[in-house]
Amino acid sequence: MGCTGERQEILVNRLRENGASLIGFGDVSVAESDLTDNFPVAVSLALSYDEKVVENLHLGEASFHDHLQRLNVRMEQLMSITEDLLSGWGYQYETIPLNVPVKSKEQLREVRTFAHKTAATCAGMGWVGKCALLVTPEYGPGIKLGTVLTDAGFETAEPMISDRCGECTLCVEACPYGAVHNVNWERGVGREELIAADVCNEKRLDFVPVMGRKHNCGLCLQACHVGKED
Ligand code: B12
């Protein structure tokens with residue numbers, strides 16, 4: 001039913017009606033993997049964090065945690081709407097897990113998932129900030145990302161290939177562990193050049209004996225001024 005362009009519009013409308021904050025389509029074939037060879041188009045989805053929760057996350061880590069969990073449920077719904085429409089139209093797809101548990105240094109090194117940030121920059125939704133998070137003009141880094149890769153020939157956007165962080169160092173200064181390196185991202189710059197991910201991960205893991213789960217620090221994203229009114 002309908003041509004690819006009409007289907008893309010139907011998908012966008014359904015996702016908007018169901019609360020998606022941002023929806024983008026990216027050509028990920030440039031990422032050159034078996035996965036992206038088979039599924040060259042990414043449907044990239046974002047749900048914005050509640051501004052008040054982010055503002056207070058240093059005071060109410062548990063509220064931040066609960067908020068992120070609730071957004072997971074909402075993002076799962078958006079991804080399943082996408083899956084249902086794609087399969088109804090006869091397209092193939094691969095949904096990327098929202099999060100992968102990283103409980104040690106070894107697991108961090110072995111993470112072999114497709115990065116939601118890659119899908120989002122390819123879809124022109126934002127850039128990778130100095131904080132190593134996807135930063136969008138509308139919401140800064142305060143977003144939950146989701147991705148469905150597909151073989152549907154949807155029209156894709158102009159990708160973002162460099163950052164707009166300039167000389168800003170708010171996230172660099174906000175990290176109590178000095179994990180953010182003050183490096184500007186452009187396509188090709190790897191995670192380790194931007195942040196000491198093992199330091200970030202270990203500091204969050206330190207809380208497991210006390211909290212029974214990883215600490216949701218979030219100070220780097222709280223500090224970012226992009227998307228906030230002056
Ligand atoms: C492993 C992981 C971590 C690790 C490593 C951190 C990191 N930056 O990757 C640890 C445990 C430290 C961590 C911490 C946090 N994480 Co985390 N994490 C992940 C996870 C599961 C996988 C990321 C990964 O390893 N990808 C593989 C590597 C190679 O890619 P990458 O580093 O993510 O990104 C690179 C590519 O995207 C590349 N790139 C960008 N565009 C393009 C285009 C092309 C063509 C190519 C080839 C590459 C490319 O540039 C990036 C930098 O090099 C993702 C979920 C997911 N599947 O994406 C969430 C995710 C990245 N985490 C997220 C969040 C929110 C956090 C925390 C804030 C959690 C918290 N509550 O405290 C912190 C913030 C730390 C920080 N400043 O980055 C969000 C980020 C949302 C956003 N705005 O970007 C994600 C996307 C989860 C989600 N579903 O929303 N995380």
Side-chain angles (χ1 to χ4, degrees), residues 21-22 26-33 35-36 40 42 44-49 53-54 57-58 61 64-65 67-69 71-72 74-76 78-79 95-105 107-136 138-147 149 159-163 171-172 174-175 177 179-181 183-205 207 213-224 226-227:
S21 308
L22 297 172
D27 172 6
V28 287
S29 63
V30 279
E32 288 178 2
S33 66
L35 190 62
T36 54
S44 178
L45 304 167
L47 280 170
S48 64
Y49 294 172
V53 174
V54 172
L57 61 76
H58 58 295
E61 192 274 348
F64 184 43
H65 175 75
H67 183 54
L68 295 179
Q69 298 299 110
L71 287 180
N72 280 345
R74 286 181 53 205
M75 183 56 85
E76 296 286 359
L78 294 177
M79 295 194 302
T95 302
I96 307 304
L98 286 185
N99 280 304
V100 179
V102 181
K103 296 189 178 134
S104 65
K105 218 175 195 166
Q107 279 186 359
L108 180 64
R109 251 183 257 125
E110 286 159 13
V111 176
R112 290 285 174 272
T113 187
F114 183 82
H116 294 297
K117 287 177 268 180
T118 300
T121 67
C122 288
M125 283 175 18
W127 60 91
V128 178
K130 286 185 179 174
C131 57
L133 296 169
L134 196 273
V135 181
T136 61
E138 297 87 346
Y139 308 107
I143 46 165
K144 165 82 55 189
L145 285 172
T147 309
L149 301 179
M160 286 248 192
I161 53 167
S162 57
D163 79 354
C171 62
V172 179
C175 178
Y177 315 114
V180 184
H181 295 154
V183 169
N184 288 100
W185 174 82
E186 58 183 11
R187 204 181 248 191
V189 170
R191 179 179 76 194
E192 292 307 322
E193 289 174 69
L194 299 170
I195 63 156
D198 55 340
V199 173
C200 174
N201 191 42
E202 264 161 45
K203 295 297 173 188
R204 295 181 55 207
L205 281 170
F207 290 80
R213 60 168 172 81
K214 269 166 95 164
H215 184 261
N216 290 281
C217 174
L219 292 174
C220 57
L221 73 89
Q222 184 192 46
C224 186
V226 179

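Counting starts at 1 for both ligands and their atoms, following the listed order.
Heavy atoms from other residues, nucleotides or ligands lying under 6.0 Å from CD of Gln69 number more than 12. Within 6.0 Å of the NZ atom in Lys203, the count of heavy atoms belonging to other residues, nucleotides or ligands does not exceed 12.
The shortest distance between side-chain heavy atoms of Val135 and Asp163 does not fall below 4.5 Å. At a threshold of 4.5 Å between non-hydrogen side-chain atoms, the residues Asn216 and Arg204 count as touching. In this structure, the side chains of Thr113 and Ile96 come closer than 4.5 Å at one or more pairs of heavy atoms.
Residue contacts with ligand 1, taken as heavy atom pairs separated by less than 4.0 Å, involve Arg187 solely via side-chain atoms from C-beta onward. Using a 4.0 Å cut-off between heavy atoms, Ile195 contacts ligand 1 through its side chain alone, with no backbone atom that close. The residue Tyr139 has no part lying near ligand 1, judged by heavy-atom distances below 4.0 Å. Only side-chain heavy atoms of Trp185 come within less than 4.0 Å of ligand 1; its backbone N, CA, C and O stay farther off.
Taking all atoms of both residues into account, the shortest heavy-atom contact from Val183 to Leu194 is O-CD2, 3.4 Å. The heavy-atom pair separating Thr147 from Ala119 by the smallest distance is CG2-CB, 3.6 Å. Between Ala31 and Thr118 the shortest heavy-atom distance is CB-CG2, 4.5 Å. Of all heavy-atom pairs spanning Cys171 and Lys130, the tightest one is SG-CB, 3.9 Å.
Each of the atoms 11 (C) of ligand 1 lies under 4.0 Å from some heavy atom of Lys214. Below 4.0 Å from some heavy atom of Val30 lie the following atoms of ligand 1, by number and element: 45 (C). The Tyr49 neighbourhood of ligand 1 comprises atoms 65 (C), with distances under 4.0 Å to a heavy atom of that residue. Close contacts between ligand 1 and Gly218 involve ligand atoms 72 (O) [criterion: under 4.0 Å to a heavy atom]. In summary, the atoms of ligand 1 found under 4.0 Å from a heavy atom of Cys220, numbered by their order in the structure, are 77 (N). Every atom of ligand 1 with a heavy atom of Thr121 under 4.0 Å away is listed here by number and element: 40 (C), 41 (N), 42 (C), 43 (C).
Within a 4.0 Å radius of atom 48 (C) of ligand 1, the protein has at least one heavy atom. Counting protein heavy atoms under 4.0 angstrom from atom 2 (C) of ligand 1 gives zero. Distance check on atom 19 (C) of ligand 1: every protein heavy atom falls at or beyond the 4.0 Å cut-off. Protein heavy atoms all stay at least 4.0 Å away from atom 60 (C) of ligand 1. Note that atom 43 (C) of ligand 1 has protein non-hydrogen atoms nearby, at separations under 4.0 angstrom. In this structure, atom 80 (C) of ligand 1 has protein heavy atoms in its sub-4.0 angstrom surroundings. Within a 4.0 Å radius of atom 39 (N) of ligand 1, the protein has at least one heavy atom.
A donor-acceptor pair under 3.5 Å links the side-chain atoms of Gln107 to the main chain of Lys103, judged by distance alone.
If you check each of Arg191, Gln222, Lys203, Glu61 against atom 53 (O) of ligand 1, the one with the closest non-hydrogen atom is Arg191. The heavy atom nearest to atom 76 (C) of ligand 1, out of those in Cys200, Gly190, Cys131, is found in Cys131. Scanning Ala197, Cys217, Cys122 for the heavy atom closest to atom 12 (C) of ligand 1 points to Ala197. Around atom 36 (C) of ligand 1, the closest heavy atom drawn from Val189, Thr118, Asp198 belongs to Thr118. The heavy atom nearest to atom 55 (C) of ligand 1, considering only Thr113, Leu98, Val100, is found in Leu98. When the heavy-atom distances from atom 4 (C) of ligand 1 to Asn201, Leu108, Leu205, Ile161 are ranked, the shortest goes to Leu108. Nearest to atom 51 (C) of ligand 1 by heavy atom, out of Asn216, Ile143, Val128, is Val128. With atom 15 (C) of ligand 1 as the reference point, the heavy atom nearest to it among Lys130, Lys117, Arg204 is part of Arg204.
Put simply, no part of Trp127 is less than 4.0 Å from ligand 1, judged by heavy atoms.
The nearest heavy-atom contact from the protein to atom 30 (O) of ligand 1 is Ala115 CB, 3.5 Å. Summary of contacts: the protein heavy atom closest to atom 90 (O) of ligand 1 is Leu145 N, 3.0 Å. For atom 56 (C) of ligand 1, the closest non-hydrogen atom on the protein side is His116 CD2, 3.1 Å. Of the protein's non-hydrogen atoms, the one nearest atom 68 (C) of ligand 1 is Leu221 CD2, 3.7 Å. From the protein, the heavy atom lying nearest to atom 64 (C) of ligand 1 is Leu133 CD2, 4.0 Å. In terms of protein heavy-atom proximity, atom 87 (C) of ligand 1 is closest to Asn99 OD1, 3.3 Å. Counting only heavy atoms of the protein, atom 82 (C) of ligand 1 lies nearest to Leu134 N, 3.5 Å.
Residue Ile96 has no nitrogen or oxygen atom sitting less than 3.5 Å from a nitrogen or oxygen atom of ligand 1, judged on distance alone. Taking distance alone, with nitrogen or oxygen atoms compared against 3.5 Å, Ala31 stays at or beyond that limit from ligand 1.
Residues Lys144 and Asn72 bring a donor and an acceptor atom of their side chains to less than 3.5 Å of each other.
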